[in-house]
Undergrad: 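Below is the structure I would like to discuss, written out as structure tokens.
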Amino acid sequence: MTTQRTLLFLAALLFSGAGMATAQEERKTADIQVLAIRATTKNTDISPELRSIADTLKRQFRFTGFKLERRAGGSTKIGEAYTTALTGGYTAKITPTRNDGKRITMRVEVLQGSERRLNTTVTVDARRYQLSGGFSLGEGDELIVAVSGA
């Protein structure tokens with residue numbers, strides 16, 4: 001009877017340890033996607049690549065037209081920045097800080113020249129875009145930056 005209890009205890013310990021290891025498993029890299037979007041009220045055109053997020057863009061920002069100016073993406077290690085030029089002299093610097101495969105936490109920075117215009121940390125579902133805007137491109141147009149990771 002003692003042997004059975006010992007085996008049950010060891011089996012329970014083994015399974016609980018395996019579950020904890022799986023739950024705490026973190027990825028060491030992240031695939032980053034960055035979209036530079038020109039928002040305008042001069043037209044109602046929407047780039048075909050933005051159709052899947054067009055309703056969200058219209059709801060979150062007070063513009064009628066959305067043009068994809070630039071798409072960039074790449075892989076980076078957790079804790080290391082992925083940097084890309086956007087448009088209008090802006091640059092995005094995305095640093096993933098946590099990635100469990102389902103959700104990703106990223107530090108998002110938008111710079112205009114050497115001036116930091118945005119510095120925030122977001123946690124989003126993998127492959128879902130986080131939208132940030134309000135960056136002037138002149139003539140009433142604004143830059144919206146969409147970032148996602150996986």
Side-chain angles (χ1 to χ4, degrees), residues 5-40 45-138 141-150:
R5 285 185 188 165
T6 303
L7 288 175
L8 285 173
F9 174 75
L10 289 175
L13 186 63
L14 177 67
F15 286 119
S16 68
M20 287 182 0
T22 302
Q24 294 175 356
E25 190 172 312
E26 293 284 325
R27 295 183 180 198
K28 297 186 186 317
T29 62
D31 293 322
I32 304 296
Q33 290 292 317
V34 182
L35 307 179
I37 302 166
R38 178 181 293 270
T40 188
D45 299 339
I46 298 173
S47 294
E49 303 92 342
L50 301 175
R51 296 273 181 216
S52 64
I53 60 172
D55 288 340
T56 305
L57 286 166
K58 289 178 188 177
R59 192 171 44 254
Q60 190 169 336
F61 301 97
R62 303 283 182 210
F63 294 93
T64 55
F66 301 95
K67 178 183 177 189
L68 180 62
E69 293 281 336
R70 179 160 163 65
R71 174 193 304 263
S75 184
T76 188
K77 293 178 182 177
I78 299 298
E80 291 186 11
Y82 173 81
T83 303
T84 186
L86 298 171
T87 189
Y90 290 93
T91 303
K93 185 176 172 183
I94 314 301
T95 307
T97 58
R98 184 171 182 266
N99 183 4
D100 67 9
K102 293 182 180 182
R103 294 181 58 78
I104 184 166
T105 301
M106 302 173 280
R107 179 174 174 207
V108 179
E109 295 175 84
V110 175
L111 300 114
Q112 184 178 26
S114 61
E115 182 182 344
R116 185 177 290 143
R117 301 295 308 264
L118 176 69
N119 183 14
T120 190
T121 299
V122 298
T123 300
V124 295
D125 292 337
R127 294 179 181 76
R128 300 261 337 221
Y129 283 102
Q130 172 68 39
L131 305 173
S132 301
F135 312 109
S136 176
L137 291 172
D141 291 356
E142 287 188 7
L143 170 65
I144 298 171
V145 180
V147 298
S148 74

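Side-chain atoms are counted along with the backbone in the values below, which use heavy atoms only and exclude waters and symmetry mates.
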Undergrad: Which heavy atom of Gln130 sits nearest to which heavy atom of Val124, and what is that distance?
TA: OE1-CG1, 3.6 Å
Undergrad: So, are Arg107 and Glu109 salt-bridged, with charged N and O less than 4.0 Å apart?
TA: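 A salt bridge is present here (some side-chain N lies under 4.0 Å from a carboxylate O).
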Undergrad: So, taking the atom named CD1 in Ile78 and the one named OG1 in Thr95, what distance separates them when rounded to the nearest 0.5 Å?
TA: 10.0 Å
Undergrad: Quick check: does any side chain N or O of Asn99 sit under 3.5 Å from a backbone N or O of Thr29, one acting as donor and the other as acceptor?
TA: yes
Undergrad: So, for Thr76 and Glu80, which heavy atoms are closest and what is the spacing to 0.1 Å?
TA: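 Here Thr76 and Glu80 meet closest at OG1-O, 3.1 Å.
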Undergrad: Is it true that, when you exclude Arg62 itself, more than 12 heavy atoms of the residues, nucleotides or ligands shown sit nearer than 6.0 Å to its CZ?
TA: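 Open: at most 12 neighbouring heavy atoms sit under 6.0 Å from CZ of Arg62.
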Undergrad: Could you measure the distance from the CZ atom of Arg51 to the CD1 atom of Ile46? Nearest 0.5 Å is fine.
TA: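 Separation between the atoms: 5.5 Å.
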Undergrad: Which heavy atom of Arg127 sits nearest a heavy atom of Ser148, and at what distance?
TA: C-CB, 4.1 Å
Undergrad: Is it the case that more than 12 heavy atoms not belonging to Arg128 sit under 6.0 Å from its CZ atom?
TA: no
Undergrad: Could you check whether any side-chain N or O of Arg70 sits under 3.5 Å from a backbone N or O of Ala85, counting only pairs where one atom can act as donor and the other as acceptor?
TA: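 Checking the backbone N and O of Ala85 against the side chain of Arg70, a donor-acceptor pair under 3.5 Å is found.
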Undergrad: Nearest 0.5 Å, please: how far is CD in Glu142 from CZ in Phe135?
TA: 9.0 Å
Undergrad: Find out whether Leu57 and Gln60 are in side-chain contact, i.e. whether some heavy atom of one side chain is under 4.5 Å from a heavy atom of the other.
TA: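 Sidechains of Gln60 and Leu57: no contact.
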Undergrad: Which distance, rounded to the nearest 0.5 Å, do you find between the OG1 of Thr120 and the CE of Met106?
TA: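 Going from OG1 on Thr120 over to CE on Met106, the span is 10.5 Å.
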Undergrad: Which residues pass the side chain to side chain donor-acceptor pair (under 3.5 Å) test with Tyr90, not counting sequence neighbours?
TA: Gln112
Undergrad: Can you see which heavy atom on Leu131 is nearest to which on Ile53, and at what distance?
TA: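 What the structure gives for the nearest pair is CD2-CD1, 4.4 Å.
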Undergrad: Give the minimum heavy-atom separation between Ala150 and Ile104, together with the two atoms involved.
TA: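 Heavy atoms only, the tightest pair is N-CD1, 4.1 Å.
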Undergrad: Would you name the heavy atoms of Ile144 and Phe66 that are closest together and state the gap between them?
TA: CD1-CE2, 3.9 Å
Undergrad: Testing Leu35, Ile37, Val34 for side-chain contact (heavy atoms from CB on, under 4.5 Å) with Val145, which one passes?
TA: Val34
Undergrad: Applying ring-ring contact (aromatic ring centres under 6.0 Å, His included) as the test, list every pair that has at least one member in residues 103-130; sequence neighbours left out.
TA: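 The answer is none; no pair qualifies.
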Undergrad: Kindly compute the distance separating OG1 (Thr84) from CZ (Arg71), expressed to the nearest 0.5 Å.
TA: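 Between atom OG1 of Thr84 and atom CZ of Arg71 there are 12.0 Å.
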Undergrad: Report the residues that fulfil salt bridge (charged side-chain N to carboxylate O under 4.0 Å, His left out) with Arg103, sequence neighbours left out, ordered by chain and then residue number.
TA: Asp125
Undergrad: What is the distance from atom CG of Leu143 to atom OG1 of Thr87, rounded to the nearest 0.5 Å?
TA: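 Here the interatomic distance stands at 7.0 Å.
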Undergrad: So, does Ser47 use its side chain to make a donor-acceptor pair with the main chain of Glu49 at under 3.5 Å?
TA: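 Absent.
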Undergrad: Do Arg98 and Thr123 pass the side chain to side chain donor-acceptor pair (under 3.5 Å) test, and can you show the C-alpha distance, the side-chain angles, and the key distance before you say yes or no?
TA: CA-CA 9 Å; Arg98 184 171 182 266; Thr123 300; over 6 Å; no
